[in-house]
Amino acid sequence: MSEKVIDVQDAWRERALIDDAKYQEMYAASVSDPETFWAEHGKRIDWSTPFTKVKETSFAPGNISIKWFEDGKTNVAVNCIDRHLETRGDQTAIIWEGDDPNESKHITYRQLHAEVGRMANVLRNRGVGKGDRVTLYLPMIPEAAYAMLACARLGAIHAIVFGGFSPDSLASRINGCGSKVVITADEGLRGGRKVPLKANVDEAIKRVEKDLVEHVIVVKRTGGDVAMEPGRDVYYHEAAEQVTDDCPAEQVEAEHPLFILYTSGSTGQPKGVVHTTGGYLVYASMTHQYVFDYHDGDVYWCTADVGWVTGHSYIVYGPLANGATTLMFEGIPTYPSNSRFWEVIDKHNVNIFYTAPTAIRSLMGGGEGPVKKTSRQSLRVLGSVGEPINPEAWDWYYNVVGERRCSIVDTWWQTETGGILITPLPGATKLKPGSATRPFFGVQPVMVDAEGKELEGKCEGNLCIKDSWPGQMRTVYGDHERFEQTYFSTYKNLYFTGDGARRDDDGYYWITGRVDDVINVSGHRMGTAEVESSLVAHPKVSEAAVVGYPHNLKGQGIYAYVTLNEGLEGDDALRKELVTWVRKDIGPIASPDLIQFAPGLPKTRSGKIMRRILRKIAEDDFGSLGDTSTLAEPAVVDDLIENRQNRG
Ligand code: 6R9
């Protein structure tokens, strides 16, 4: 791995909210006396009833209980909208950029207030109130943000299902949280292709408990022809005509649930991760401000979908709580061309850009040309999230996209953590390509070995977090037992992240990937991310995924799936070249035993490689590939099976 260090540039520090000395001071205060620290920062949001209690949390076996600001009352929509009206009513809250580059619009805070009030009234008219669950199955259109905030305004709990999920997945999530109302659109639009959202909802409802779903509200996006069930389905624009845009906000307890978001773990069905109101908003807004060094007037763009936690915390809640201008993008990075991201940045003068390594790598495959033909002069901070960023992608992001002017924040966090936990801060943290660097305020990472023994100093192990932070998930919806089992039973009194990491001499964290993906080769532990990063560093490789497979001598062997850059063909000579490359880069224990050239890798629609499937194929275990319905392109699996490497 790269050991390069990039100093904080003077320009970053001069502009930044805090420098390194201030970070050190605030971090020390946040962990030595969390009560005092969070009592102060809890005031960054408005409370209708101020809290007097700050932190009531326990990770003790049998008593996992997490409460922040417990006796305070507030409303998330009021914090994200109403409180800004006086000072920035006419400022743009949301810039919406359509799939079609000729379509975009600006929504001011005042307009947002009216839109959310109207949508809240439409829901209220259909019996939605405090504590009711509402499933959202929407494309990236402003109505998705309106719907989230409308639920928050009423104290209802939204459960967003990513628009790319199948009717089956949607059905199990609607059932799981017992939603009586579903909000969807006729069709979505991505890369010029239509997504049949309403038709999927109809399919899903056939598989949902009878009579559970009472109302389906349909936003007209494409105007496509869809079936409407009388009495159950209504077009949003028609329902909206029947109500005013003035809707009182329900003040709720700090621990009232704000949303449920389903996420997959290593076992069983997806879990409904529950986030609550006060602590979540304090944490999402504070991290958004400090991590991205957000200043008034900045234009901020996070390319995630609102169907994922990144969209919740860093498109909608964090930025809007801070009175920011947040850009919402309906399309994809490669449509109409792979200059799209950079063109959108120029079009809207984006200052802060937050995307995923998978997007960076795929654009990197197309070379520098599509980037270089745009200006990108507005950019100041570049963020990364979702998976370890390999140093080569980091370098490309830094050198080519940001032209060495922009700081990079590699932000490590999870659906479960609600907000960013480990990250550089632009004015404070020296950067090392590939490292998420240091913990955010209040976050105490702990490294443990397989037996749960805490490791000191420079080390490699399992990443846990000691003590709670305000954005932490509170429970698994309807199954607190599973919450304890999944996150608190492996290591007592610690939150277990499921990730492996190493910590270097400077106390920097390098996330190596999920520990369920660690390969044990002849007794040596090998991070799949490490091998992948090395492979991807090869000039001919565009993407790589590495899994373990049973090996007679070594215990586990290393099986590498490699996607080459466009137009290249793989052969035995290249296989050899890659093995030598990795041996040289990391060491002989990292040498791939088998390399399969794959035109595509199985990915979830959020871009995560599904190693579970790759492991099964590497193990010749095709009979039990499990659920492949969440794949972006299920067909790649057939090709992988057909061309698998014989493990002899
Ligand atoms: C926010 C999000 C969480 C898992 C997490 C880890 C991986 C996320 C990362 C990263 C290395 C980063 N991950 N950010 N790994 N460096 N900067 O992605 O949530 O979808 O729940 O995924 O993603 O493995 O445990 P989620």
Side-chain angles (χ1 to χ4, degrees), residues 1 160 162 164-165 259-266 270-275 283-284 287-288 291 302-315 317-318 354-361 382-391 393-394 397 408-424 429 431-440 443 445 462-465 471-473 476 486-487 490 495-503 508-518 527-530 532-533 545 603-612 630:
M1 288 241 178
I160 307 189
F162 175 60
F165 276 122
F259 65 84
I260 300 168
L261 186 57
Y262 284 85
T263 192
S264 6
S266 35
K271 295 177 285 286
V273 167
V274 176
H275 282 290
Y283 198 77
T287 46
H288 172 261
V291 173
C302 165
T303 68
D305 190 284
V306 292
W308 312 114
V309 74
T310 307
H312 286 65
S313 301
Y314 299 114
I315 294 178
Y317 291 123
Y354 190 28
T355 195
T358 184
I360 298 167
R361 281 196 305 267
L382 299 172
S384 171
V385 61
E387 54 179 317
I389 180 166
N390 49 299
W394 197 102
Y397 206 22
I408 303 242
V409 288
D410 174 4
T411 65
W412 174 84
W413 61 296
Q414 312 177 296
T415 303
E416 293 88 338
T417 69
I420 295 162
L421 295 197
I422 300 182
T423 179
T429 317
L431 305 173
K432 298 188 189 183
S435 171
T437 77
R438 309 185 294 195
F440 191 73
V443 175
N462 297 329
L463 179 63
C464 295
I465 312 291
Q472 186 174 22
M473 77 182 279
V476 169
T486 309
Y487 303 104
T490 320
Y495 165 77
F496 177 41
T497 66
D499 277 324
R502 56 190 187 86
R503 185 168 53 205
Y508 275 38
Y509 292 87
W510 301 70
I511 310 298
T512 48
R514 303 291 302 193
V515 281
D516 20 26
D517 296 324
V518 163
T528 50
E530 245 173 297
E532 287 163 11
S533 167
K603 290 184 185 171
T604 63
R605 292 186 181 90
S606 67
K608 288 214 165 61
I609 294 169
M610 291 194 75
R611 291 199 172 62
R612 173 175 59 82
T630 58

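For the numbers below, each heavy atom of this structure counts, side chains included, while hydrogens, waters and symmetry mates do not. Just follow the structure's listing: the first ligand is 1, and inside any ligand the first atom is 1.
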Can you pull every nitrogen or oxygen pair between ligand 1 and the protein closer than 3.5 angstrom?
from	atom 1	to	atom 2	distance (Å)
ligand 1	13 (N)	Gly386	O	3.3
ligand 1	14 (N)	Gly386	N	3.1
ligand 1	15 (N)	Pro388	N	3.3
ligand 1	16 (N)	Glu387	O	3.3
ligand 1	17 (N)	Asp410	OD1	2.7
ligand 1	17 (N)	Thr411	O	2.8
ligand 1	19 (O)	Thr415	N	3.4
ligand 1	20 (O)	Lys608	NZ	3.1
ligand 1	21 (O)	Thr415	N	2.9
ligand 1	21 (O)	Thr415	OG1	2.6
ligand 1	23 (O)	Gly386	O	3.2
ligand 1	24 (O)	Asp499	OD1	2.7
ligand 1	24 (O)	Asp499	OD2	3.2
ligand 1	25 (O)	Gln414	NE2	2.9
ligand 1	25 (O)	Asp499	OD1	3.4
ligand 1	25 (O)	Asp499	OD2	2.6
ligand 1	25 (O)	Arg514	NH1	2.9

Fill in: Evaluation steps, side-chain hydrogen bond (donor to acceptor under 3.5 Å, both in side chains), between Lys603 and Thr358
CA-CA 10 Å; Lys603 290 184 185 171; Thr358 184; 3.3 Å; yes
Worksheet entry | Rounded distance [0.5 Å steps], CD1 in Ile465 versus CD in Glu416 |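 Rounded to the nearest 0.5 Å, the CD1-CD separation comes to 11.5 Å.
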Worksheet item: Do the two ring centres, one from Tyr283 and one from Trp413, sit under 6.0 Å apart?
Response: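 No, the ring centres sit 6.0 Å or more apart.
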Worksheet item: How are the rings of Tyr314 and Tyr354 set to each other: parallel, tilted or perpendicular (split at 30° and 60°)?
Response: perpendicular
Worksheet item: Below 4.0 angstrom, N of the basic side chain to O of the carboxylate: do Glu532 and Arg361 qualify?
Response: no
Response to the item:
Residues at least two apart in sequence or cross-chain that pass salt bridge (charged side-chain N to carboxylate O under 4.0 Å, His left out) with Arg503, listed by chain then number, are none
